[in-house]
Structures are given as structure tokens and as C-alpha cells.
Amino acid sequence: MDSGKIDEIIDRHRGKSGDLIHVLMEIQHKNHWLPRDVLHQVAAALEIPFSRVLRVATLYKTFSLTPRGRHEVHVCTGISCHLRGAKQLLESVERATGIRPGETDTAARFSLETGSCLGSCSLGPEIIVDGKHHARMTPEKVEDVLKEYQ
Amino acid sequence: MSEIVMQIDGKEVKASDGMTVLQAARVAGIHIPTVCHHDKLEPFGGCRMCMVEVEVRGRKSYVVSCLYPVAPDLVVHTRSERVDKIRRVILEELLAHAPNSPELVALAAEYGADRDRFDKDPSFCILCGLCVRYCAEVKQKNAVDFIERGAQRAISFIPEIAAKECWDCQECFAICPTSYAQAAYFLTEALAFPGRRKSAMHGA
Ligand code: SF4
Ligand code: FES
């Protein structure tokens, strides 16, 4: 992502120390991760110590301080999905993407996470890609679903 | 500032509005053990060692005295079987992280805490926040802060800031109950600006 967009986000919150979480969320959303030099820019613009920015950025799971893929894949491992075969589903996603939960592939195409529960028990087992729910998944359907996300 | 009359360990104690129970006790010469409290710093309430029993209208509860505000007719007990037990368990948990901290070892002797009760998890830091708060509030340098969450929570010297600020200060070493602040700093020094100590020593 170009730094112009990040600058624009930071500019909108300049001088407002209370906006820290908002700024970080916007940047995370657009850029998928928070580079350290960007965190320095945030600290300077919001006039707060860099250490506090780092504290908040490492506290919440939403924020990533390492590069993430273009697409976020979440596999639900909650109890309902588990009973309907989430384990096999996860294994199939791991095979298709070549990564394990918490990882990002070298081409930065996918980042994989698990979550329990992702809140759609009646649709399980499910995976969520970039916020879109794919319901009643089977290990066989994984390849087809992920093909859409390049 | 209106005057408040309350009772601590059976003794009538005068305090003023806005004080904490800990402050009132100290003024009256009554000792309450603390770990994360520091007179120069804002109350933090992190260690729970200063827990006391308070009675309000006959109802007992357990509160951290370094945060709890004084109130008229409050009845406080700084030692009781229950209070001692709470402190003992807290100490046993802290000692799993920092088994040789002199401060904790002394308190453990007083409260009969067994430092081997829990499996050791020698993180050394007990997250009292003294270093973090001292750096932020007194020195206003913010060179050290908490990072991560839950079981991973730790203090960390921020190399970019530490490289500039810590060399001439290092005051947090002496207030850390476990010496971990010092250890963490030297690790940061080794990673972020190695060699500086050596050249300072040898004038090279
Ligand atoms: S390093 Fe020491 S002073 Fe700092 S939080 Fe840990 S135990 Fe407390
Ligand atoms: S001294 Fe009160 S909680 Fe630590």
C-alpha cells in the first residue's frame, strides 16, 4: 500500500492523542499490518510517547506488527464447528495455503487464523475470508473457495 | 479538605478527604505491606499485596488499600486470618516468577509463604510497573513500557528511546524489586547499541 494513504489517515488524527486506537485500526485495515516506522509517525503526529503506541499495538490481537497477507482466512474452531469437522477443514486450509494458524505465506497472499467461536454456529463448519462467511464448508470445497482470492 | 475519622486496627485515625487507606494508615504509623506502591508515583493497584479488610455498615470486603479512598466511619483491619492468607497466596504466585527477590523473600518469611508452592516460571519481572511508571511519571522519558497481553505481558525497553535516554539515568534499576529492569535494559543495550559501554570504559 502506498504511504500516501497512511499519511492521509495519520493527518486526519493529528494532535488527537485519544484517537490512537482508531488510527491504528484504520492503518491495520488498509495496510494489513503496522510497520514500525509508521508507528513512529503515529506517535509523533498524535503527540504521544512511542512506547505507549507500542504498548497498545501489542496489546490487541487485531494489530499485527509483522507483514500480513492480502487475504485473512479465519477457520472457526468453536465447539459447534469442531463437532462438524473443523479439524479436517483446518487441515485442508493448511494444505491449500501452505501455512499454519498465525502464519503468512511468502507471497503474502494469505494469513491464517483460527477463532473459537466466530459466531455463526448454525452455518458451521465455516471459514471467513476477508470478512465473508463461507458456510457449510467441507475439506473438498476449500480449494475452490480460496481460488477466488488472489 | 474535610477531616475524616475512621478506625484502623482498633485505633482511631484522622484522615483527610481524598486520601487512600494506605496513606491514612501510614500517617497513623500503621504498617501495610506494599510491592507496587511508590510515594512519588500515581497509585497503580497492580500487586494486591496491600489488601486489607474493610467493614462498611457491618459488611466485610477486601480492598486494595493503595487505591481505596478513606471514608467516615470506615473500619479497617490490616491483618486478619483472611488477609494474611490472601497475601500469602499472592506472594507464592509472585515467588514462582522471582524466587530470590529479597523483598518478596522477606515478606514470604513474615506471611509463611512457600516459594515452591507453584511451578517456577522464572520471568523475574512481576509486572509491578514501577520501572514503567517511574520512567513515565518522574523522568517523563517513556523508555520502558508494557508490551503484549495475558501470559506474554512483559516490560520492554524501547531501543529507539533507551539508546538516547537510559545511559545517563538508569534510576529504575534501584526501584525494581527483582532486578529484572536492569537485566532487561542490558539486553536492550546489547542488542541496540552494543559496544558503547566498552568504549566508555576504555575511552576508545
Ligand atoms: S522490571 Fe522490575 S520494576 Fe519493572 S515491572 Fe518488572 S518487576 Fe516491576
Ligand atoms: S501496593 Fe497496593 S496493589 Fe500494589
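Every chain is numbered from 1 and lettered A, B, ... according to where its sequence line falls, protein lines coming before strand lines.
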[atom1] of [X] to [atom2] of [Y]: how many Å apart, nearest 0.5 Å?
X	Y	atom1	atom2	result
A/Phe50	B/Ile161	CZ	CD1	7.0 Å
A/Leu54	B/Asp145	CG	CG	8.0 Å
A/Ile48	B/Asn142	CD1	CG	10.0 Å
A/Thr58	B/Gln152	OG1	CD	11.0 Å

[atom1] ([X]) with more than 12 external heavy atoms under 6.0 Å:
X	atom1	result
B/Tyr62	OH	yes
A/Gln150	CD	yes
A/Lys141	NZ	yes
A/Met25	CE	no
A/Lys87	NZ	no

- prompt: Which atom pair, heavy atoms only, marks the closest approach of B/Arg149 to A/Leu59?
  reply: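 Looking at all heavy atoms of both residues, the shortest contact is NH1-O, 2.7 Å.
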Side chains of A/Arg55 and B/Glu148: closer than 4.5 Å at any heavy-atom pair?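 Heavy-atom side-chain distance check fails, nothing below 4.5 Å.
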